[in-house]
Amino acid sequence: NLGKSLDSLIRKIRRLPEVDKDSINAILQELQRALLLADVNVEMCLAVSNNIKKRATDEKINLKIDRREFIIKILHDELINILGGEDAPKRIKTGKQSIILLVGIQGSGKTTTVGKLANFYKKKGFKIGVICTDTWRPGAYDQLAQTCDSISVNHFGMPDEKNALKIAKKGLKHFTKTGKDQKDLIIVDTAGRHKKETELMQEMKKLENIIKPNETILVIDGTLGQQAYAQALAFAQTTHVGSIIITKLDGSAKGGGALSAAGASGAPIKFIGVGERVDDLEEFHASKFIGTLLG
Amino acid sequence: TTLTEKNTNKILKDLELTLLKNDVAVHVAEKIVEITQKNLEGTQVGAFSKKNTLQNAIKEAIFEILNVENQFNLIETIKNRPNKNKPYSIMVLGVNGTGKTTTIAKIVHLFKKNNISVVVAASDTFRAGAIEQLSKHMDALNTRLIKQSYNADPASVAYDAIDHAFAKKINSVIIDTSGRQVTNKNLLEELKKIKRVNQPDLSIFIGDSLAGNDVLVQAEVFNNAIQIDASIITKLDADSKGGAALSIAYITKKPIIYIGVGQGYDDLLPFDPKWFVDILIG
Ligand SMILES: Nc1nc2c(ncn2[C@@H]2O[C@H](COP(=O)(O)OP(=O)(O)OP(=O)(O)O)[C@@H](O)[C@H]2O)c(=O)[nH]1
Ligand SMILES: Nc1nc2c(ncn2[C@@H]2O[C@H](COP(=O)(O)OP(=O)(O)OP(=O)(O)O)[C@@H](O)[C@H]2O)c(=O)[nH]1
Ligand SMILES: [Mg+2]
Ligand SMILES: [Mg+2]
């Protein structure tokens with residue numbers, strides 16, 4: 001995986017007898033291939049490679065610093081850039097009601113992730129309410145209801161209602177009306193959609209305006225390739241994407257596409273999905289992730 | 001203008017970049033460039049000056065990868081099967097969320113339009129809402145669904161469905177399986193068991209056209225486990241460039257038979273290699 005190929009690249013850099021133009025070019029070829037195989041956006045691969053080349057061959061470098069370690073440090077910085085920088089701000093606070101809205105492409109893992117988030121915050125003591133506004137997919141509410149029942153979380157849905165906005169309004173009313181039963185956190189699931197489905201993208205915008213979430217989370221499939229960036233951008237331009245969750249990283253995918261899309265959309269990655277069960281959610285820390293990648 | 005070796009190399013480099021940007025896996029993109037170069041060997045310098053020579057060399061390379069000579073028509077195959085007393089069984093497989101269940105609904109709709117009777121097996125007995133999702137599709141399509149309960153043995157549900165089809169003289173059986181990651185050895189064993197117990201006539205791999213290099217890994221592992229007979233790529237309506245078709249065809253050496261272009265029952269089109277190559281490299 002990306003970790004292994006970057007690890008072997010780091011070793012190669014450290015074993016270089018000297019850091020000249022040819023060895024740098026060889027290193028950059030290998031780096032580009034590793035990033036491309038991991039689905040990092042093609043333009044980004046070329047940009048990273050050019051940046052490293054420029055900085056590594058810069059004559060003004062303090063000759064006291066070991067050139068090899070300097071290259072490794074540049075590589076580390078460029079990768080952090082791809083991931084979009086520091087950790088996600090905590091927008092979910094106890095004490096007042098928070099609302100999270102999940103959006104993303106068909107099949108990316110939204111409904112499953114709603115269950116995981118409900119489980120995560122329930123363990124932290126939040127009272128949770130989940131709303132299903134997916135009016136398209138047959139059995140969408142059954143899927144969400146079964147998952148929520150397995151962790152005893154309240155859920156709301158209207159399987160025969162065709163208007164997602166109506167369901168959102170009624171769902172919010174349902175979870176805000178009862179005093180002592182007041183939910184600290186409401187999580188809203190939506191139907192899958194992609195950037196070419198203009199009406200659905202508009203519906204998503206309207207949903208966000210009605211729900212007024214503290215955080216809109218974009219769920220991205222870890223297997224996404226070169227289209228990741230364009231799709232993430234479309235979502236980020238239509239709603240206020242506050243953070244990103246990348247799913248299916250327990251599989252064979254290296255996640256480079258999703259990771260670079262996250263970075264490009266400007267939203268930090270908050271969690272990653274590492275399996276189908278409700279516990280298979282991990283918090284994401286860019287520097288820790290890169291640190292692990294670079295050994 | 002005349003094509004020289006120098007600008008041919010530039011064109012091949014651009015070709016590789018175009019393929020990569022269109023989600024063709026790295027190894028497959030390199031292979032296509034390699035085959036194109038081989039196709040150009042021995043070309044007269046004079047012939048080289050025709051722009052079509054290079055275009056054709058590229059198209060030939062892509063057709064080679066797509067196994068166009070193995071293309072077949074599923075409807076004809078079922079209608080012309082040698083033993084009409086035995087239902088034609090199809091096992092559908094792939095990683096999580098690629099569109100297997102929805103594609104099965106589309107295939108049922110297609111079969112009905114072509115007077116092929118069909119029964120479906122609910123062999124995803126794991127995921128929340130899987131049986132309800134399939135059940136609602138089959139109600140809408142007026143088609144019998146054979147199901148047991150959650151956590152039932154997927155191979156046994158498929159077995160029941162084939163048994164039922166045999167008894168009722170139904171032409172075909174489609175087996176829905178749960179999404180699975182190729183890194184999960186247990187789930188690969190489960191898939192092998194479904195195949196071993198039921199011996200389906202066709203195993204179809206469903207790949208998400210939005211996936212990048214991973215689709216090559218998926219197809220390879222599944223192919224090694226159960227031998228893929230044909231593939232379908234989905235979500236081409238999402239502005240995906242479809243390079244996944246090349247990656248899958250390359251590793252399985254089997255044809256892409258349909259493409260999914262939306263969530264409706266009619267959103268399933270036969271895969272046309274010529275149309276596809278034109279879209280891929282203009
Ligand atoms: N292995 C693995 N599977 C996952 C993960 N997250 C989701 N899945 C699976 O991916 C498939 C799709 O998940 P869903 O939650 O239905 O996706 P969705 O985005 O809600 O799909 P739509 O509502 O149709 O757009 C299911 O089989 C899930 O079990 C993950 O982190 N790892
Ligand atoms: N836009 C678009 N969406 C599709 C297409 N095919 C399937 N989908 C959607 O993708 C999502 C996932 O489809 P499913 O049929 O549940 O996928 P699956 O492979 O059975 O998922 P699991 O069983 O959970 O692994 C649903 O929202 C489908 O409507 C397609 O060709 N285009
Ligand atoms: Mg869903
Ligand atoms: Mg399914």
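What's counted below: heavy atoms across the whole structure, side chains too, no hydrogens, waters or symmetry copies. Numbers restart at 1 for each chain; the letters A, B, ... are given by sequence-line order, proteins then strands.
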- prompt: When you look at NZ of B:Lys253, are more than 12 heavy atoms from neighbouring residues, nucleotides or ligands closer to it than 6.0 Å?
  reply: yes

task: Please report the shortest heavy-atom distance between A:Thr147 and B:Ala128, naming the atom on each side.
output: OG1-CB, 3.6 Å

task: Apply the test side chain to side chain contact (heavy atoms under 4.5 Å, CB included) to residues A:Arg33 and B:Val26: give CA-CA distance (whole Å), side-chain angles for both, the deciding distance (0.1 Å), then the verdict.
output: CA-CA 8 Å; A:Arg33 196 156 199 284; B:Val26 171; 3.9 Å; yes

task: Determine the option with the most heavy-atom pairs under 4.5 angstrom with chain B, choosing from A:Ala253, A:Ala145, A:Gly222.
output: A:Ala253

- request: Mind checking side chain to side chain contact (heavy atoms under 4.5 Å, CB included) for B:Lys112 and listing every partner two or more places apart, or none if nothing turns up?
  value: B:Val108, B:Asn142, B:Thr143

task: May I ask you to test the B:Asp239-A:His194 pair for a side-chain heavy-atom distance under 4.5 Å?
output: no

Engaged part of A:Leu144 at the chain B interface, taking heavy atoms whose separation is under 4.5 Å: neither

task: For the pair B:Leu210 and A:Asp221, evaluate side chain to side chain contact (heavy atoms under 4.5 Å, CB included) and give the outcome as yes or no after the intermediate values.
output: CA-CA 9 Å; B:Leu210 289 170; A:Asp221 190 320; over 6 Å; no

query: Can you tell me how far CD of A:Glu276 sits from CG of B:Asn96, rounded to the nearest 0.5 angstrom?
result: 4.0 Å

task: For B:Lys147, look at atom NZ and say whether over 12 heavy atoms of other residues, nucleotides or ligands are found less than 6.0 Å away.
output: no

- request: Taking the side chain as every heavy atom from C-beta outward, state whether A:Glu197 and B:Gln263 have any pair of such atoms under 4.5 Å apart.
  value: yes

- request: Can you see which heavy atom on A:Ser252 is nearest to which on B:Val182, and at what distance?
  value: OG-CG2, 3.4 Å

message: I need the residue from A:Gln231, A:Lys195, A:Gln106 with the largest number of non-hydrogen atom pairs under 4.5 Å to chain B.
response: A:Gln106

- prompt: B:Lys21 and side-chain hydrogen bond (donor to acceptor under 3.5 Å, both in side chains): which partner among A:Gln227, A:Glu43, A:Gln226?
  reply: A:Glu43

message: Taking 4.5 Å as the heavy-atom cut-off, does anything in residues 132-143 of chain A contact chain B, and if so which residues?
response: A:Arg137, A:Pro138, A:Gly139, A:Asp142, A:Gln143

message: Could you work out, with ring pair (Phe, Tyr, Trp, His ring centres under 6.0 Å) as the rule, every residue matching A:Phe235, not counting sequence neighbours?
response: none

message: I need the minimum non-hydrogen distance between A:Leu36 and B:Asn213, along with the two atoms involved.
response: O-ND2, 2.9 Å

field: Donor on one side chain, acceptor on other, A:Asp250 and B:Gln181, under 3.5 Å
entry: no

Could you pull out every donor-acceptor pair under 3.5 Å between side chains of residues 217-224 of chain B and any protein atom, sequence neighbours left out?
| from | atom 1 | to | atom 2 | distance (Å) |
| --- | --- | --- | --- | --- |
| B:Gln218 | NE2 | B:Asp214 | OD2 | 2.9 |
| B:Asn223 | OD1 | B:Ile228 | N | 2.8 |
| B:Asn224 | ND2 | B:Glu220 | O | 3.3 |

